[in-house]
Every structure is written in structure tokens, then in C-alpha cells.
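For this chain, numbers begin at 1 and follow the sequence in order.
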Amino acid sequence: MGKVVVLGVFVADTVYRADRMPKMGETLLGNSFALGPGGKGSNQAVASARIGAETHMISKLGRDDFGKLALETWAEAGVIPHAEQVETSYTGAAFVFIEERSGDNAIIISPGAAALIGPDDIEAQAELIAGADVFLTQLEQPMDAAMRGLQIAKEAGVTTMLNPAPAAELPDGMLALCDYVTPNETECEALTGVAVHDVEDAARACAALKALGVQTPIITMGEQGAYLDGHGLVPAVCAGAVVETTGAGDAFNGGFAAALAEGMTPLEAARFGCATAGLSVTKAGAAAGMPHRKDVDALIKKQG
């Protein structure tokens with residue numbers, strides 16, 4: 001089924017639902033609260049594992065209840081952890097606000113122990129990374145750790161993926177290490193200066209990313225789908241009513257990485273990623289909403 005190695009962060013999502021976001025200094029009554037597993041890297045690893053790829057997760061945790069939640073989440077999904085538990089820090093946490101009417105979200109991340117991941121930790125996992133089919137990372141852990149992971153993978157001929165989230169200034173040469181970069185519209189504008197609203201904008205942004213060294217840019221465009229350089233817009237897949245969009249981008253990335261590792265073409269993998277994301281938004285919770293392979297296959301067959 002292919003081997004995917006993910007470098008990233010686990011955080012415990014504290015999810016608040018309300019009719020709107022409070023203004024500064026204002027207190028609102030919420031509609032509900034939930035605690036669950038999250039973090040971009042962890043969500044992507046869960047999505048990849050549920051699709052069926054042999055999935056490994058490189059991270060750091062605290063030795064606390066949220067750390068136990070991380071290990072339980074990975075065990076349930078079949079993710080193989082490579083995560084030191086740090087006595088002097090805490091497992092990451094996130095504030096997730098969800099607007100009740102639309103399902104849209106706003107998020108604050110505190111990565112905790114994962115903020116201590118450094119290049120030496122990545123060197124310790126060099127053999128694991130070099131043996132992967134796909135190496136996937138994001139920007140929630142320190143930048144130098146992500147950079148070293150991409151370097152090791154690239155030197156070994158492993159397919160490299162960067163989900164540049166949250167948006168940040170990247171070190172020189174990072175994008176040139178990436179076979180695939182998967183920003184959303186906001187992250188794409190931060191990287192290229194091109195505001196992405198439609199396919200024409202996306203084509204211009206992809207050209208700018210390729211000029212920075214990216215082999216194949218993919219811009220995730222929410223309900224429109226994903227723009228794959230060289231192929232155009234891969235439409236979003238509607239799998240039902242939207243409950244929550246938190247984790248949709250992570251579902252796409254995890255599904256896309258697993259599909260690539262399995263040997264699908266980039267276009268097939270992008271369609272697979274869109275189906276994975278389409279199913280994820282029909283359930284509450286980021287990691288909890290990641291679909292299983294049989295459901296993704298059934299949706300793709302239904303959609304033709």
C-alpha cells in the first residue's frame with residue numbers, strides 16, 4: 001500500500017461552537033464544546049493510515065493526558081508513532097472556534113513539546129525517512145526540523161510534500177526541495193503574492209511557485225476543489241451536508257500522500273484527496289472525521 005512518513009504536531013483540539021466569534025472583551029454563550037485529537041501533522045497521518053498506507057508519525061509529546069490521547073488516536077488509526085515524551089513540557093493544544101451556521105473555523109495553536117523538535121531529532125529518524133515512499137510535513141513544528149526532513153527525503157529520492165500551513169516566511173531553498181506543495185488560497189497568496197479566487201488566479205500562482213523551485217504545486221480551494229498544476233481544477237466531491245470544515249485540508253493532504261505512495265498518478269491522487277476531504281467535512285472533529293478507505297472508494301465509484 002505504500003509507506004508515508006509524516007513530520008508534524010499533535011494537539012488536543014478544544015472545540016467551541018457558537019453563532020459567531022465574540023468581539024474583544026465580549027463574552028458569549030456557546031452552543032457546544034468538544035475535546036478531541038488534532039494538529040495538522042497528526043490529522044494527516046490519521047487520514048493516510050485510514051486510507052491504508054503504512055504511516056509513521058515523527059513528533060514530540062508531553063507526558064500528560066493529552067499525550068495519552070495522541071497515542072490512543074494513533075493506535076486506533078494504525079499510525080506508527082516515533083514521538084519522544086518530554087517530561088518538562090506539555091502536549092500541544094488548540095482553540096478551535098466553529099461558526100454554527102457555516103461550519104467555518106478559526107484556530108489558535110500552542111504546539112507545546114512539538115516546538116522542541118530540532119534537526120538532531122530528524123537526523124535520528126533519517127533511516128525511517130529515507131525508506132519512505134512519501135515524506136510529508138507542515139509548518140507547525142520548527143522550520144529547521146521541516147527543512148532537514150525535506151533534505152533527507154530529497155537526497156534519498158523520496159517523494160517530498162510540504163503543506164505550508166500555517167502561512168510563514170520560508171527559508172531559502174525550501175520550496176526547491178518539494179515535489180509537491182499544497183497551500184490553500186491564503187497560504188498561496190503569502191508565498192506568491194497572488195490572490196487566488198478562481199482557476200485563472202490559481203494558474204498564475206502555480207507559475208510563481210514553480211519559479212521558486214516547486215516541481216508540482218497544488219492549491220486547495222475549499223468548496224471549488226484543488227488546482228493541480230498541469231491538469232487544472234480537480235472538482236470538490238460532495239459527500240453530504242457540511243458539518244465542519246476543520247481538517248478538510250488535512251484530509252486532502254493525507255489522502256493525496258497515501259494515494260501517491262500507493263502508486264497513483266498525481267491526477268488520480270488529487271481526485272482521491274478531494275474525495276477524502278469531501279467525506280471528512282460531513283462529520284464533526286478533525287481526526288475523528290477522517291474517512292476509511294472503503295468509504296472513499298465507494299464515493300469515487302459513485303461519482304464516476
Side-chain angles (χ1 to χ4, degrees), residues 1-10 39-61 70-71 73-75 77-84 114 117-165 173-182 213-218 249-266 268-270 272-273 276 287 290 293 296:
M1 298 296 288
K3 180 177 179 180
V4 176
V5 174
V6 181
L7 166 63
V9 170
F10 172 90
K40 287 188 173 299
S42 180
N43 291 341
Q44 291 168 16
V46 168
S48 172
R50 285 188 178 173
I51 293 306
E54 178 189 326
T55 305
H56 299 255
M57 177 75 187
I58 301 172
S59 193
K60 284 192 177 184
L61 306 169
L71 296 173
T73 298
W74 296 338
V79 175
I80 303 166
H82 305 265
E84 176 190 357
I117 301 171
D120 289 347
D121 299 300
I122 308 307
E123 291 289 350
Q125 302 294 340
E127 185 176 349
L128 174 69
I129 294 169
D133 293 299
V134 175
F135 174 74
L136 167 61
T137 191
Q138 323 75 30
L139 302 178
E140 288 183 337
Q141 76 286 314
M143 194 77 71
D144 56 355
M147 185 77 168
R148 187 63 191 126
L150 289 166
Q151 289 169 340
I152 291 170
K154 193 70 172 177
E155 289 164 4
V158 175
T159 297
T160 52
M161 277 183 65
L162 173 66
N163 175 220
M174 178 177 260
L175 290 176
L177 295 170
C178 302
D179 294 312
Y180 297 92
V181 172
T182 60
V214 178
Q215 182 174 317
T216 306
I218 305 172
D250 297 332
F252 175 88
N253 278 275
F256 182 78
L260 284 180
E262 188 176 312
M264 292 188 195
T265 67
E268 290 169 338
F272 198 90
T276 306
M290 298 304 168
R293 177 60 178 263
V296 179

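With contacts defined as side-chain heavy-atom distances shorter than 4.5 Å, the pair Phe272/Ile51 qualifies. Here the side chains of Met147 and Ile122 are not in contact, with every heavy-atom distance at 4.5 Å or above. The shortest distance between side-chain heavy atoms of Gln138 and Asn253 does not fall below 4.5 Å. Side chains of Val5 and Leu136 form no contact here, defined as non-hydrogen atoms less than 4.5 Å apart. Between Thr137 and Met161, the closest side-chain pair of non-hydrogen atoms is not below 4.5 Å. Within the 4.5 Å cutoff, the side chain of Val214 has heavy atoms near those of the Pro217 side chain. Within the 4.5 Å cutoff, the side chain of Val6 has heavy atoms near those of the Val4 side chain. Using a 4.5 Å heavy-atom threshold, the side chains of Thr160 and Leu177 count as separate.
The backbone N or O of Thr265 lies less than 3.5 Å from a partner atom in the side chain of Glu268, making a donor-acceptor pair. Between the side chain of Ser59 and the backbone N or O of Gly8 there is at least one donor-acceptor pair closer than 3.5 Å. Thr55 contributes a side-chain N or O that, together with a main-chain N or O of Ala53, makes up a donor-acceptor pair within less than 3.5 Å.
Taken to the nearest 0.5 Å, the CD atom of Gln125 stands 10.5 Å off from the CZ atom of Phe135. Rounded to the nearest 0.5 Å, atoms CG (Asp250) and OG1 (Thr182) are 9.5 Å apart. Note that the SG atom of Cys178 and the CG atom of Leu150 stand 5.0 Å from one another [nearest 0.5 Å]. Rounding to the nearest 0.5 Å gives a distance of 11.5 Å between CD1 of Ile58 and CD1 of Ile80. Distance CE/Met57 to OG/Ser48: 11.5 Å, rounded to 0.5 Å.
For residues 138-158, the set of pairs meeting the salt bridge (Lys or Arg N to Asp or Glu O under 4.0 Å) definition, not counting sequence neighbours, comprises Glu123-Arg148, Lys154-Asp179.
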Report task. Output, in order, the C-alpha distance, side-chain angles, deciding distance and verdict of side chain to side chain contact (heavy atoms under 4.5 Å, CB included) for Lys40 and Asn163. Result -> CA-CA 9 Å; Lys40 287 188 173 299; Asn163 175 220; 4.0 Å; yes

Query raised in the report: Under the side chain to side chain contact (heavy atoms under 4.5 Å, CB included) criterion, do Leu61 and Leu71 qualify, and how do the steps go?
Result: CA-CA 9 Å; Leu61 306 169; Leu71 296 173; 4.1 Å; yes

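When the side chain to side chain contact (heavy atoms under 4.5 Å, CB included) test is applied to Ala124, no partner is found at least two apart in sequence or on another chain. The ring-ring contact (aromatic ring centres under 6.0 Å, His included) check on Phe252 picks up Phe256, with sequence neighbours excluded.
A salt bridge does not link Lys3 to Asp133: none of the charged nitrogens lies less than 4.0 Å from a carboxylate oxygen.
Closest heavy-atom contact between Ala47 and Gly255: CB-N, 4.4 Å. Residues Ala287 and Val46 share a closest heavy-atom pair of O-CG1, 4.0 Å.
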